[in-house]
Amino acid sequence: MDEVFMRRAIELAKKREGFTSPNPCVGAVIVKGGQIVAEGWHEKAGADHAEIMAIKQMMQKSGIMTVDIEPMLFHNATLYVTLEPCAHTGKTPPCVKAVATAGFSKVVIGMKDPFQKVNGKGISYLKKHGIKVSVLKPTSKLAEEVRSINQPFIKNVTLGLPYLTLKAGLSLDGKIATFTKDSRWITCEKSRLDAKLERSKCDAVIIGASTVMNDNPELATIGEYKSKNILRVIVGDKLDFKKDMKIFRDENVLIACSDNISLRLKKKLIDASVSVKSFGKSKVVFKKLLKYLASNGIQSVFVEGGSGINGSLFDENLSDSKLVDRVLFYYAPKLVGGTHSLSIIGGAGIAKISDSIDVVKSKFDILDGDLKYEGLINFY
């Protein structure tokens with residue numbers, strides 16, 4: 001039954017995927033007498049954590065409206081939570097104290113929190129207060145599912161880098177545009193809508209300056225994420241800047257350039273209240289850019305670059321394998337051909353197949369005839 005209840009906690013955690021950054025997604029259930037009696041999940045940073053929501057829900061169901069926890073209510077109850085209860089004060093008090101005060105008979109934890117301020121401290125605190133604690137075996141299938149919820153959070157707190165998804169819409173022969181650079185539309189409308197939803201889950205989107213000039217994209221969030229305002233990062237030293245471009249609808253934009261950017265363009269951007277920052281002498285070093293984004297609260301990044309941006313990122317990833325984590329490709333059942341048609345990844349590439357980057361944990365879906373493919377380069 002532990003697996004059944006933990007799977008429900010996982011479902012609850014996923015309810016707020018894309019909304020909790022820089023915090024993790026967490027789900028919790030309280031079980032008593034073999035039945036789920038209360039549930040909770042983390043809504044957003046600053047809101048109650050999953051354990052606290054579940055505790056409050058159980059008290060309210062029992063008609064207890066005070067802020068003080070009634071331990072007798074939780075006697076012989078088990079708490080299932082996807083992530084170790086926090087043991088530090090952030091925007092909210094430490095959850096572990098409330099869990100200990102409730103006096104659960106047992107707490108089942110999906111994974112230890114890798115965040116330095118927690119990282120086992122919550123587990124130790126509960127054990128010291130006489131609560132039986134069980135943590136899923138890290139190598140188990142269920143533990144892997146728990147970890148999959150919070151790949152961006154895990155990478156961010158352990159490596160100081162945002163989780164990066166590389167997205168593209170392409171033909172079966174790997175082309176993203178013809179030799180005339182025509183690319184509208186390779187994929188179907190359903191694929192494009194799905195890609196926008198995937199982008200909306202992230203904290204930032206990276207795009208090349210040439211794509212901005214050619215396509216004038218809005219890069220807005222949609223659906224349930226419509227209220228989110230993700231950071232738009234434009235990479236490049238040359239931009240035919242016009243304030244009325246859709247991407248400059250507000251000031252949540254960063255121009256990521258090199259020292260080669262012209263003083264004229266830089267001044268023009270700054271005068272228009274657009275942030276500009278160099279991340280390299282002659283070209284943008286993605287590691288520097290990603291470090292900067294992480295230090296400014298960006299936990300996940302969606303790259304919608306052209307062949308050049310993708311190639312630069314790919315080449316840098318060959319020597320620093322923790323930059324690109326996930327690929328998301330939408331294949332249309334079309335053939336484009338052409339030596340000079342744009343391939344999905346430009347750059348220098350590799351000399352030997354043995355140096356290629358492996359993609360694992362592949363998933364496939366069909367969207368009105370297009371093939372949606374996602375796979376992982378890194379799993380944390």
Checking side chain to side chain contact (heavy atoms under 4.5 Å, CB included) for the pair Val360/Phe379: CA distance, chi angles, key distance, verdict?
-> CA-CA 9 Å; Val360 298; Phe379 187 79; over 6 Å; no
Looking only at heavy atoms, what is the nearest atom pair of [X] and [Y], with distance?
| X | Y | result |
| --- | --- | --- |
| Ala177 | Ser183 | CB-CB, 4.0 Å |
| Val233 | Ala256 | CG1-CB, 4.0 Å |
| Asp237 | Ile261 | O-CG1, 3.7 Å |
| Ser21 | Gln299 | OG-CB, 3.3 Å |
| Ala168 | Ile344 | CB-CD1, 3.4 Å |
| Val285 | Gly280 | CG2-CA, 4.3 Å |

Describe, in one word, how the ring planes of Tyr225 and Phe19 are oriented to each other, choosing from parallel (under 30°), tilted (30 to 60°) and perpendicular (over 60°).
->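 Aromatic pair Tyr225/Phe19 classed parallel.
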Mutual orientation of the aromatic rings belonging to Tyr373 and Phe329 [parallel < 30°, tilted 30-60°, perpendicular > 60°] | tilted
Looking at side-chain heavy atoms only, is the closest gap between [X] and [Y] below 4.5 Å?
| X | Y | result |
| --- | --- | --- |
| Leu161 | Asn156 | no |
| Arg326 | Glu198 | yes |
| Phe74 | Leu79 | no |
| Asn296 | Leu231 | no |
| Val301 | Thr165 | no |
| Lys14 | Ile10 | yes |
| Val99 | Phe104 | yes |
| Phe286 | Phe279 | no |

Between Asp48 and His42, a side-chain donor and acceptor under 3.5 Å = no
Indicate if [X] and [Y] have the same hydrophobic cluster label, given that clusters are the connected sets of ILVMFWY residues with side-chain heavy-atom separations under 4.5 angstrom.
| X | Y | result |
| --- | --- | --- |
| Phe5 | Met111 | yes |
| Met58 | Val29 | yes |
| Val276 | Val212 | yes |
| Ile357 | Leu170 | yes |
| Tyr125 | Val26 | yes |

Side-chain ion pair, [X] and [Y], N-O less than 4.0 Å:
| X | Y | answer |
| --- | --- | --- |
| Glu374 | Lys167 | no |
| Lys121 | Glu84 | no |
| Lys190 | Asp370 | no |
| Lys56 | Glu51 | no |

CG of Asp240 to OG of Ser210: how many Å apart, nearest 0.5 Å?
->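 So the CG of Asp240 and the OG of Ser210 are separated by 12.5 Å.
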How many angstroms lie between OG in Ser258 and NZ in Lys288, if you round to the nearest 0.5 Å?
->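 Here the rounded value is 10.5 Å.
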For Asp250 and Asn229, what are the C-alpha separation, side-chain angles and deciding distance, and is it a side-chain hydrogen bond (donor to acceptor under 3.5 Å, both in side chains)?
-> CA-CA 10 Å; Asp250 58 41; Asn229 186 17; 3.1 Å; yes
Taking atom [atom1] of [X] as the centre, does the number of heavy atoms from other residues, nucleotides or ligands within less than 6.0 Å exceed 12?
| X | atom1 | answer |
| --- | --- | --- |
| Arg184 | CZ | yes |
| Ile366 | CD1 | yes |
| Lys266 | NZ | no |
| Lys334 | NZ | yes |
| Lys32 | NZ | yes |
| Lys243 | NZ | yes |

Using modelled atom types only, decide if a donor and an acceptor are shared between the side chain of [X] and the backbone of [Y] within a distance under 3.5 Å.
| X | Y | answer |
| --- | --- | --- |
| Thr101 | Lys97 | yes |
| Lys281 | Asp259 | no |
| Asn150 | Cys25 | yes |
| Thr221 | Lys226 | yes |
| Ser300 | Tyr163 | no |
| Lys61 | Val37 | yes |
| Asp173 | Val336 | yes |
| Ser307 | Ser343 | yes |
| Arg16 | Glu43 | yes |
| Thr211 | Ile207 | no |

After noting the C-alpha distance and the side-chain angles of Glu39 and Trp41, does the key distance pass the side-chain hydrogen bond (donor to acceptor under 3.5 Å, both in side chains) rule?
-> CA-CA 7 Å; Glu39 299 181 333; Trp41 56 89; over 6 Å; no
Please walk me through it: do Ile109 and Leu83 pass side chain to side chain contact (heavy atoms under 4.5 Å, CB included)?
-> CA-CA 6 Å; Ile109 297 170; Leu83 186 68; 5.9 Å; no
Verify side-chain hydrogen bond (donor to acceptor under 3.5 Å, both in side chains) between Asp2 and Tyr80, making sure each step is shown before the conclusion.
-> CA-CA 8 Å; Asp2 278 359; Tyr80 292 82; 2.5 Å; yes
Please assess Asp194 against Lys372 for the test salt bridge (Lys or Arg N to Asp or Glu O under 4.0 Å), listing each intermediate value before the final yes or no.
-> CA-CA 9 Å; Asp194 188 82; Lys372 178 185 179 181; 2.9 Å; yes
Criterion salt bridge (Lys or Arg N to Asp or Glu O under 4.0 Å) on Arg7 and Glu11, from CA distance to verdict = CA-CA 6 Å; Arg7 286 195 185 281; Glu11 288 177 9; over 6 Å; no
Test side chain to side chain contact (heavy atoms under 4.5 Å, CB included) on Cys86 and Cys95 and set out the steps.
-> CA-CA 5 Å; Cys86 64; Cys95 296; 3.6 Å; yes
Check the pair Val133, Lys106 against side chain to side chain contact (heavy atoms under 4.5 Å, CB included), reporting the backbone distance first and the verdict last.
-> CA-CA 6 Å; Val133 179; Lys106 183 180 179 182; over 6 Å; no
For salt bridge (Lys or Arg N to Asp or Glu O under 4.0 Å), just list the numbers for Glu304 and Arg199, CA-CA rounded to whole Å, side-chain angles, deciding distance to a tenth of an Å, and then say yes or no.
-> CA-CA 9 Å; Glu304 293 196 60; Arg199 176 216 294 154; 2.6 Å; yes
